[in-house]
Amino acid sequence: MLSPMATKARSAPSEGEALGGVTLVLGPEDLLVDRAVAAAVASVRASDPDADLTELEAASLAPGALAELTSPSLFASARAVVVRGLDTLPAEAADAVLSYAKDPQPDVALVLTHRGGQKGRGLLDKLRKARVRVVACEALKSYELPTFVIREARGAGGRISEEAAQLLIESVGSDLRALAGAASQLISDAGGVITEEAIRAYFAGRAEVTSFAVADAAVTGRTAHALEQLRWALRSGVAPVLVTSALASGLRGLAKLAGAPRGLRDGDLAREIGVPPWKVKTLRGQLRGWSQEGLATAIQAVARADADVKGGADDADYALERAVLAVSRARSEG
Amino acid sequence: MSEVSGVWADLVGQEPTVAVLRTAARAAAARLAAEAAKSAGEGAAPSQPAGRSGMTHAWLITGPPGSGRSNTARAFAAALQCERQGCGECTACRTSLAGTNPDVTLVRTEQLSLRVDEIRELVRKSAMSPVGRRWQVLVVEDADRLTEQAADALLKSLEEPADRTVWVLCAPTVEDAVPTIRSRCRLLVLRTPPTTAVAQVLQRRYAVSPDLAVFAARASQGHIGRARALATQEEVRARREQVLSVPSKLRDLAGCLTAAASLVELAAEEARAATAELDATEKAELERALGVTGSGGRGPRPRQLQAAQKELEDQQKVRAKRLQRDALDRALLDLVAFYRDVLVVALGASAELVNEELRDDIERRAHANRPELILRQIDAILACRDAIAANVAPLLAVESMTIALLEPTRR
Ligand SMILES: [Zn+2]
């Protein structure tokens, strides 16, 4: 099996590596799937620039259609046939796919995508037995995201530290396409090295950064600073729901750390909580002063604030201030 | 029990409503016959419709989710189109039930509201004569999702309907329908069907074992679609079991958060299972409609196709979101039923438990906790439903709930 990370599927295709065979792109991560498909098509084009490309949904594949698309052609140009969504292939077309996989045409690259999961599992197993080439595109876990960003940066000819990668994730979110886009943009802007300063400058006033600043201040009991950050965030147009969401996610991390089994090493702990390893240290610092009861109270206060904000409370700003105060108080009382 | 057959056979436990609708269908048929006789005989237009009693042109069918509102509406539509008032076998019956009869229009929405332009289109149709010789039936399955504006558009047609037009609106409760609409319809209230009736239907139609049928009927609390899914799909039973394992996982704060995350993920999984196939079929249909066939789709995709695909994907996302919300709500209702069972036992009432198979755990909780606490737990789940309906982030709302469910002795 090939690497799940983008770099492999992205790296320059060796000439015609998909030609004459079947490539199974397996997994739910759209960006990686698209890249794997593009790489396979590119490898066909590399050996024959005039190659034909056909793309279709598996759900619309009639039993005879595959034979027609892959039958030897008089004009002997290479062909790439991309069939997306094998999990929705009509049952009666499965045999045609399988028998083609066992005896593929030399001038055709058949690329199949499947989101993973139970549907069409039987066909997948048989395809594997038929020795098709498998490209895994698993969804990335949150602790794998920094590695992804680092490789993206490297792929775009630059560098980024793990801390900066994490900041980028907090600023952009976990969508791979958005992350890849931001990484390559920053590389071309900053000329090689993406620093935390560059990210902050790039996303200045961006919602996620400032709402996380509010949350960081609130969970560490710096009440006045938290309120200051909150006012600033709201003035610069941050949507109130992003503040409740940042508060919730901050408290969630602390509660998970508080409840994690004792004696775990940081790496295992990070996996258990679902954060990158370096973040464990930050969380441990923030957890000082918190009790489980206090965290429970704080989470409920944030849930109420989210309801206030979304239920169109007359004064969403006030609902948020109250939530920030409730979080600070829950820390000192618990 | 009176014999119930034809299109009415599967309206489980709704005998009073079925009786009303059968009378109406007979009256409607009598009116058609009288009109035919008059126009053949004297040639004078009928001044007063014969067989007026029992039949009316606007109906509002209400009932709790799963009680079979839309099935009832379809059965009635079939009975109006059928020469034998709902034999269940003729073409008119079958096409009406399947939604392919040209004189039966079924309107439902996967969106959160019915748009005014959809209703205007429907009203335009309602003014026309039926294609066939009987009635034009317009069924609005989600009348609770009519916007004010859409309801206004509908009003005039309800007040002065075309001669052969029948409206059938459906909503969960009468309060869900806009008042002006409500007052212009004849109201029919479906009840929650009794467990035994649901179990019988499950056994008869899906040939499941009596034990499984009774379990599914009980666990679904009268929701027929849910009962069918529980009786026939292993993975639906497995998901329900996981939902009901939540109370036993609430031992500390971290347990509450983990349980909350798993509830939200279970709902997402259910929505995915329900939509994956449908999404792909719709996508394929769209491609076919726009001329991308198996062998003709070479080269880059045309812009028009991409725009249409984008629109379809947006609609599918909205639907997935709604299904996920519905699934989460169902899970919360399963939890409400669990804590209600605890309350029933705690109060010493000897009622049938919804979760009979969890009796040991339920009795242990009933003895360990005071009724006031159990009531607070039920309130916490209901509050979570409200919060999610009010758009609170689902995970956060459910976390807040599981924390509230934590029992003090364990905290
Ligand atoms: Zn019939």
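Residue numbers start from 1 in every chain, and the chains themselves are labelled A, B, ... in the order their sequence lines are given, proteins ahead of strands.
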Worksheet item: Within a reach of under 6.0 Å around CD of B:E235, are more than 12 heavy atoms found that belong to other residues, nucleotides or ligands?
Response: yes

Discussion item. Under a 4.5 Å cutoff for heavy-atom pairs, which residue among B:A254, B:A383, B:A397 has the most contacts with chain A?
Written reply: B:A254

Worksheet item: To the nearest 0.5 Å, how far apart are CG in B:L396 and CG in A:L247?
Response: 9.5 Å

Response to the item:
Max heavy-atom pairs within cutoff under 4.5 Å with chain B, candidates A:I299, A:T88, A:V83, goes to A:I299

Worksheet item: Just wondering, more than 12 heavy atoms not from A:Y318 lying within 6.0 Å of its OH?
Response: no

Worksheet item: With only heavy atoms counted, which part of B:A276 is less than 4.5 Å from chain A, the side chain, the backbone, both or neither?
Response: backbone

Practice prompt. Heavy-atom distances under 4.5 Å only: say whether B:L253 touches chain A with side chain, backbone, both or neither.
Written response: both

Fill in: Taking every non-hydrogen atom, the tightest pair across B:N391 and A:K310
O-CD, 2.7 Å

Discussion item. So for A:A255, is it side chain, backbone, both, or neither that comes closer than 4.5 Å to the heavy atoms of chain B?
Written reply: both

Worksheet entry | CZ on A:R115 to CZ on B:R272, rounded to 0.5 Å | 8.5 Å

Fill in: Contacting region of B:A387 [heavy-atom separation from chain A under 4.5 Å]
neither

Worksheet item: For B:I403, which of A:E293, A:Q300, A:Q292 qualifies under side-chain contact (heavy atoms from CB on, under 4.5 Å)?
Response: A:Q300

Discussion item. Does B:R340 have more than 12 heavy atoms from other residues, nucleotides or ligands lying within 6.0 Å of its CZ?
Written reply: no

Item to complete: Give a yes or no on this: more than 12 heavy atoms of other residues, nucleotides or ligands lie within 6.0 Å of atom CD of B:E148.
Response: no

Worksheet, complete the sentence: So, the part of A:V241 with a heavy atom under 4.5 Å from chain B: the answer is neither

Worksheet entry | Enclosure of B:Q149 CD (heavy-atom neighbours >12, cutoff 6.0 Å) | no

Worksheet item: Is A:D306 reaching over with its side chain to a backbone N or O of B:A393, donor-acceptor style, under 3.5 angstrom?
Response: yes

